[in-house]
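For reference, the structure I am asking about is given below.
Remember, predicted model here, so these are calculated numbers, not experimental data.
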Amino acid sequence: MPHYVVRRSRMGRFNFTLIGAHGRITGVVAIPTENKTREEVEVEAHRKIRALAGELVAVMPKDCEA
């Protein structure tokens with residue numbers, strides 16, 4: 001089952017790894033932290049990571065074999 005792992009860094013940066021059956025993709029998202037609670041920043045980071053994963057799926061050719 002595909003999933004992701006997130007590790008918070010500094011200054012609103014979140015390192016993440018998308019993990020699937022055929023490998024993994026790592027990256028970083030940055031979230032502005034000014035006037036936001038820690039929870040709000042965390043929620044926004046996870047939303048961005050899920051959106052990025054969706055964008056990656058959208059650009060994959062439909063006839064791509066696993």
Side-chain angles (χ1 to χ4, degrees):
M1 179 68 137
H3 64 283
Y4 64 92
V5 177
V6 178
R7 191 178 78 233
R8 185 177 183 135
S9 190
R10 296 185 194 174
M11 305 296 289
R13 293 173 53 91
F14 290 79
N15 300 308
F16 68 89
T17 304
L18 302 171
I19 303 169
H22 301 288
R24 59 185 71 209
I25 298 173
T26 60
V28 177
V29 296
I31 308 298
T33 58
E34 190 173 304
N35 299 321
K36 292 183 182 176
T37 67
R38 181 179 179 94
E39 183 177 325
E40 289 171 328
V41 172
E42 294 270 346
V43 167
E44 180 68 13
H46 285 261
R47 187 196 65 72
K48 277 191 168 182
I49 294 166
R50 286 190 306 272
L52 179 58
E55 289 174 3
L56 292 171
V57 168
V59 299
M60 294 299 298
K62 300 289 185 212
D63 61 349
C64 183
E65 292 186 31

| message | Quick check on the hydrophobic clustering: are Ile19 and Ile49 connected, directly or via other members, by side-chain heavy-atom contacts under 4.5 Å? | response | no
Here the gap from Leu18 atom CG to His3 atom NE2, rounded to the nearest 0.5 Å, amounts to 9.5 Å
Cut-off 3.5 Å, no hydrogens considered: what does the side-chain donor-acceptor table look like for residues 4-12, sequence neighbours left out?
from, atom 1, to, atom 2, distance (Å)
Tyr4, OH, His46, ND1, 3.1
Tyr4, OH, Arg50, NH1, 3.4
Arg8, NH1, Glu42, OE2, 3.4

Cluster link Val43 to Phe16, ILVMFWY, side chain under 4.5 Å: no
With sequence neighbours left out, the residues meeting side chain to side chain donor-acceptor pair (under 3.5 Å) with Arg47 are Glu44
The ring-ring contact (aromatic ring centres under 6.0 Å, His included) partners of Phe14 (sequence neighbours excluded) come to none
